Each structure stands twice: as C-alpha cells, then as structure tokens.
Amino acid sequence: MRYVLLLAFIPILIIALYIYKRDIYKKEPVGELLKAFCGGMASAVVVIFINHFIDLAGIDLTSNVVLRAFVSAALIEEGTKFFFVYKLFWRNPNFDERFDGIVYAVFVSLGFAFVENILYIYQDVTNAVHIAYSRAFFAVPAHTLFAIAMGTGLGLAKFSKRNATAKITGGLISAMLIHGTYDFLLMYAEELEAVNESFSTFIVLLFYIFVLIMWIMGFKRMKAISEEDKWRL
C-alpha cells in the first residue's frame, strides 16, 4: 500500500516541479505553494460535503451522464477549487505576474487531485495499482489542464485595466467545460460498453483526441502568458 500511495503522489510532485520550473521570471515562495496545495486538499473535502448535502436534499446528480459530468464533477469541483484560488491568492502580494494565476490554480488543483487519488485507491484496494497508474497518466494531468484554463483567466484579469470580471468568468467557464467534456466522454463510453461496443470504442477514440487537444491548448496558454510576463520586466 505504501508503494501505491507513492504512485498517487509521484505524478503530483512531477507536475508541481514542472510548473514551478515554468514560472521563469519570478518564482513563487514555497510557503505560498504549500498553502495552495493545502487549499486544494481542503477544497476536496468541501466537495465531499457539498455532494453529501445534495444527497440529503434528495437531488440525484447521478441519474444521467450529463449531470454527473457537467454538474457533479465540473461545476461543483471547479467552482470549489476556484473559490479557494481566488480567496487565497487574488489579493496576495505574491500574485505579481500573469503566470502566477496558472501556478496557484495548478497547485490548488494538485492538492485536490492528491486527495481524490487517495479516496479512489482506498475505495477499491484490490485494483489499487491499476487505479494509481490510470490516474497518474490521465486524471492528475487533466486536473492540471483544467487549472491552466482557470489560471489563465485569473492571470489576465489581475493585470487588466478593463473586463477583469469577464476574463475571470471566461477562465472558470472554460475550466468547467473542459472538465465536463472530459468526464462526459469517459462516462458515456463506459455506459455504452455493454450496449454498443463499437460506438463505445469510437467515444474512447474521441476522448483520446480531446485529451491531446487539451495538452496542446494547455501548453499554448502557458507559453502565451509567460511571453506576456516577459514584456513586463
């Protein structure tokens, strides 16, 4: 189990180090990054409580894949992560570059993903290794890419003289749509597997194409924001 827990943490560490390295011009204090990570872990706990209260209210968000993907996952999770990023860092004096929006959003998301990794592993201990590897290559990087979209909006808004609210909102909605589409394709493919295996395979193919597009767009966003910061030096 220690090996599995290590697998759950290693992809988090790799991505954290990568994002830290990409913050070229003025790196964030390690203490602030740890605060963001802990905020992300707290956001995962908040999401658990939100879903619990929704269940107590008799609202079923699992009745179809659209609700599960775009409401239960995308809306609630990204909305909660955004709350923590905004509250912890929007007025933080260390948020002094556009790229910092991406850094803080990613570290919050990594904290969230770490707690989610642990929960998934302990829910199905017999398949722990498979789950750990699967999340290392897909779920954790996906949370990072959702965060890049959110952080781009925050970073642009922070140093914009106008339309700041629109930029923040655009980043958040972008993260939600990407997250929802990612989960929808996975959930829909799984639901179809027993009914129409061929169509399920087609949806899985679409999923891989979508993941590739997410990666391309994520790297483009990081490069563009970093370039904008260069001109502020």
Side-chain angles (χ1 to χ4, degrees), residues 12 15-16 19 23 28-29 31-57 59 61-62 67-120 139-160 163-184 214 218 221-222 225:
I12 303 286
I15 292 172
I19 294 296
D23 189 12
E28 304 312 292
E32 295 301 308
L33 299 179
L34 289 174
K35 182 169 77 174
F37 188 80
C38 291
M41 291 193 292
S43 73
V45 176
V46 171
V47 166
I48 291 170
F49 277 105
I50 290 173
N51 285 321
H52 178 66
F53 286 124
I54 288 173
D55 288 340
L56 289 178
I59 301 171
L61 295 179
T62 63
L67 286 176
R68 283 166 59 200
F70 286 95
V71 180
S72 182
L75 178 64
I76 294 174
E77 292 181 11
E78 295 306 319
T80 305
K81 286 187 284 185
F82 172 81
F83 174 83
F84 276 84
V85 177
Y86 187 86
K87 285 296 182 182
L88 291 174
F89 299 106
W90 180 251
R91 292 182 174 84
N92 190 312
N94 292 293
F95 190 168
D96 53 7
E97 294 177 315
R98 290 172 176 83
F99 198 83
D100 294 347
I102 291 176
V103 174
Y104 289 126
V106 167
F107 271 77
V108 167
S109 287
L110 290 176
F112 181 97
F114 180 60
V115 173
E116 199 174 59
N117 280 356
I118 301 299
L119 292 174
Y120 272 97
V140 175
H143 275 290
T144 302
L145 294 167
F146 307 153
I148 289 171
M150 182 192 298
T152 297
L154 284 165
L156 292 174
K158 180 73 173 179
F159 300 96
S160 175
N163 299 326
T165 301
K167 289 180 173 67
I168 293 173
T169 304
L172 177 57
I173 291 175
S174 179
M176 288 178 175
L177 289 175
I178 296 168
H179 191 159
T181 303
Y182 177 95
D183 280 17
F184 173 79
M214 280 202 308
R221 283 189 175 106
M222 285 195 292
I225 293 294

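Atoms considered below: every heavy atom in the structure, side chains included; atoms not considered: hydrogens, waters and symmetry mates. From a predicted model like this one, the values you see are computed outputs, not experimental measurements.
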How many angstroms lie between atom [atom1] of [X] and atom [atom2] of [Y], to the nearest 0.5 angstrom?
X      : Y      : atom1 : atom2 : answer
Leu88  : Glu32  : CG    : CD    : 9.0 Å
Ser174 : Lys167 : OG    : NZ    : 14.5 Å
Ile59  : Leu67  : CD1   : CG    : 10.5 Å
Asn117 : His143 : CG    : NE2   : 8.0 Å

With the side chain counted from C-beta on, respond yes when [X] and [Y] share a heavy-atom pair under 4.5 Å apart, and no when they do not.
X      : Y      : value
Arg68  : Asp183 : no
Leu75  : Phe70  : no
Lys158 : Glu97  : no
Asn51  : Ser72  : yes
Leu61  : Ile76  : yes
Ile225 : Ile148 : no
Phe83  : Val46  : no
Met150 : Met176 : no

Which atom names give the shortest non-hydrogen contact between [X] and [Y], and what distance separates them?
X      : Y      : result
Phe95  : Leu154 : CZ-O, 3.9 Å
Glu28  : Asn94  : OE1-O, 2.8 Å
Ile102 : Arg221 : CD1-O, 4.5 Å
Asp96  : Phe159 : C-CZ, 3.2 Å
Phe99  : Met222 : CE1-O, 3.7 Å
Ile12  : Leu110 : CD1-O, 3.5 Å

Should Cys38 and Met41 be marked as a side-chain contact (heavy atoms from CB on, under 4.5 Å) after you check the CA-CA gap, both sets of side-chain angles, and the distance that decides it? CA-CA 5 Å; Cys38 291; Met41 291 193 292; 4.0 Å; yes
Is it the case that the side chain of Thr169 and the backbone of Thr165 share a donor-acceptor pair, with hydrogens and angles ignored and the cut-off at 3.5 Å? yes
Quick one: does Ser43's side chain have a donor or acceptor within less than 3.5 Å of a partner on Gly40's backbone? yes
Should Ile168 and Leu156 be marked as a side-chain contact (heavy atoms from CB on, under 4.5 Å) after you check the CA-CA gap, both sets of side-chain angles, and the distance that decides it? CA-CA 8 Å; Ile168 293 173; Leu156 292 174; over 6 Å; no
Residue pairs passing the salt bridge (Lys or Arg N to Asp or Glu O under 4.0 Å) test with at least one member in residues 99-111, sequence neighbours excluded, are none
Using ring centroids (six-membered ring only for Trp), state whether Tyr104 and Phe89 fall under 6.0 Å. yes
Run Phe114 and Phe37 through side-chain contact (heavy atoms from CB on, under 4.5 Å) and show every step you take. CA-CA 9 Å; Phe114 180 60; Phe37 188 80; 3.9 Å; yes
Taking ring-ring contact (aromatic ring centres under 6.0 Å, His included) as the criterion, tell me which of Phe184, Phe82, Phe146 meets it with His179. Phe146
